[in-house]
There are 2 protein chains.
Amino acid sequence: MVRATLRDVARLAGVSVATASKALNGQPQVRASTRERVMLAASQLDFSPNALAQGLITQRTGTVGLLTSDLEGRFSIPILMGAEDAFGTDQTSVFLCDARGDGIRERHHLRALLSRRVDGLIVVGARPDSRPSLGRDLPVPVIYAYAPSEDPRDLSLVSDNEGGGRLAVDHLIRCGRRKIAHITGDASYGAAQDRARGALARLTEEGLEVAGGEVWFGMWSEAWGRGATRMLLERCPDVDAVFAGSDEIARGVLDVLHEERLDVPGRVAVVGYDNWNILVANARPPLTTVDMNLEQLGRVAAQRLFAAIGGTLGSGVEKFPGKLVTRESTAPLR
Amino acid sequence: MVRATLRDVARLAGVSVATASKALNGQPQVRASTRERVMLAASQLDFSPNALAQGLITQRTGTVGLLTSDLEGRFSIPILMGAEDAFGTDQTSVFLCDARGDGIRERHHLRALLSRRVDGLIVVGARPDSRPSLGRDLPVPVIYAYAPSEDPRDLSLVSDNEGGGRLAVDHLIRCGRRKIAHITGDASYGAAQDRARGALARLTEEGLEVAGGEVWFGMWSEAWGRGATRMLLERCPDVDAVFAGSDEIARGVLDVLHEERLDVPGRVAVVGYDNWNILVANARPPLTTVDMNLEQLGRVAAQRLFAAIGGTLGSGVEKFPGKLVTRESTAPLR
DNA sequence: TACGTTCCTGAAAACCTTTTCGGCGAGCCG
DNA sequence: CGGCTCGCCGAAAAGGTTTTCAGGAACGTA
């Protein structure tokens, strides 16, 4: 299949390429009848403009680079989807690059993207701790999503984990719970710390202590959720709510509560974190959880980037609130 | 930051652009000392060639389009990763487009990709049933992955579900199991039918009938896995193995077996399907499962596409065998 | 008739690179 | 010393589009 160029369209319509270009781009200085002839010719030839030539001359390619560090991770995908649909299909296309967490590979990708003249970049981190900046002297705007840049002059969009922890505990308090425990993941994750801080702050406001006397840091796994819950029940048998630092952990918690014949939510309420559908929907009972609104984060990242192209970008770290999604694992205490 | 062009490099090196180009591209007809001067100039200016201009003239952009229908789905991602790393980072960049299962949107994306002059396309379906062809008169090669094209003249790469079902049952038989049940998902999925067919074929070879008298089609959910298992245990209490059509279903199966205090794998062995890490690793016990080798499928898709660029593509449906990943949910019967 | 306006069209430059081909100088042979 | 080859370099065309600017036609006015 041979592709038609603007020349072919112009020839068929009996005009010059200049006029054909103007006609197709809606420039005003072309007679209506001429425009029609050109449009007709274009559709007859199934003409579609060569984006390379366009980009070469306009200095705008209508492409952005999405640089991620963990494709398999569940966090980049929603962000990526948000970004993908914020850029309309006709306007902007997205280059996807997975650096696999490797700095060298990241530099390679960066170089390739710049040589393709992307209009902007979104960098999606693998975990919500800060990461090295790509540098300040790039010829295109860059937005960091999920994982903030170490350089405060960059613009980063992150999830508000402290707010999320607060949200979860607040909900449990409103359900009348007073003995609230917090089982969460690896203490070296900023996210774990932040969520715990938010949770504790809300407890303190209410004049409560965390059940079990401490936050249970451990691992982001069901097994840890199970183990921690067993220890928790031993130390504090009258616990009436557990805020889990992830849905995985929450699944483990539910599992043990189920084994121990402790009714959820009648006896103990459970809140997870992430709203990871496969886990929460299949849980018994379906899990109340905190959704980080990552698609929204992705959408906003795309919009900000779009606005910044040509102009200039803000800086600093912008936090996005999560939202609580209630399901059957929480309910008011009768 | 201002970008250097080849002109700038040439000027700095004191040669013409033609020579500069040849020097940087390793063409033989340039003196070593000259080449060195050019390379030095290029690195001083941090020159990186404009890929648009290159593409315009060479008619090769070094980009491919990845057209998927469900980004959130767990099947496109591994394929995407495989493809991503088969194309080296310097060589090829990938445009990611999610059509959200919408045909109109797909046409839009297709048009955009063609106008960007991608060198080829990979189409990743959402479910493993055949999907409409993009058409035969495209100016670039197209490979369908996971979901085959309806048009047999297209080239499709799919997972061998029948072989996978056979694999699972074969393993159970080798473990000495004789009462093997099959609980699987929606019967309208070709994948469910194929896996069941493979499973039954292997049973028949062994002179066995499926335990419970029939294949239990239902839904791709844990809840169905639980429900079906309860019914199964009622109808056939001496079942000694369950082959589940997905890891989700398998989780439900394990859950009920656990409730009923039936030891896994001592009393009943369980095999899942998909090797979905979050589910299998956290299962109690960790789940033996069939891995569809999707990354490999993605890699091969990329390689085939690469080979086809310029040349011509094969046609028909090529099936990729899965592999059994054994964990603790299966073991020989003592 | 001469001239100024308004509308539309087209020639040409520009974007940046690759590739072809002609030419220049040097070295070699007769 | 003439002519040849060989090695290296540069001028120019090509790729497809957008945009500027000049100019032509038609029309109205003085």
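Order of the sequence lines fixes the chain letters, A, B, ..., with proteins taken first and strands second; residue numbering starts at 1 for each chain. Only heavy atoms go into these numbers, but all of them, side chains included; no hydrogens, no water, no symmetry mates.
Of the candidate nucleotides D:dG16, D:dC8, C:dT17, C:dT17 has the atom lying nearest to any side-chain atom of B:Thr5. Listed candidates were D:dT17, C:dA11, D:dC9. Nearest to the side chain of A:Ala18 is C:dA11. Taking only side-chain atoms of B:Gln59, from C-beta outward, the nucleotide of D:dG15, C:dT9, C:dT18 with the closest atom is D:dG15. The side chain of B:Val30 has D:dC9 as its nearest neighbour among D:dC9, D:dG16, D:dG15. For A:Gln29, the side-chain atoms get nearest to C:dT9 when compared with the rest of C:dT9, D:dT18, D:dG10. Among the nucleotides D:dG16, D:dG10, D:dC9, the one closest to any side-chain atom of B:Arg31 is D:dC9. Taking the side chain of A:Ala53 as heavy atoms from C-beta on, and the options D:dT18, D:dG16, D:dG10, the nearest nucleotide is D:dG16. When the nucleotides D:dT18, C:dC8, C:dT17 are ranked by their closest atom to the side chain of B:Pro49, C:dT17 comes out on top.
With salt bridges taken as basic N to acidic carboxylate O contacts below 4.0 Å, none links B:Asp46 and B:Arg3.
A:Tyr189 carries A:Arg127 over the face of its six-membered ring, with the cationic atom under 6.0 Å from the centre and within 45° of the normal.
Taking atom CZ of B:Arg11 as the reference point, atom C1' of D:dG10 lies 16 Å away to the nearest angstrom.
Evaluated for a side-chain contact (heavy atoms from CB on, under 4.5 Å) with B:Ser156, the options B:Ser130, B:Ser315, B:Ser149 yield exactly one hit, B:Ser149.
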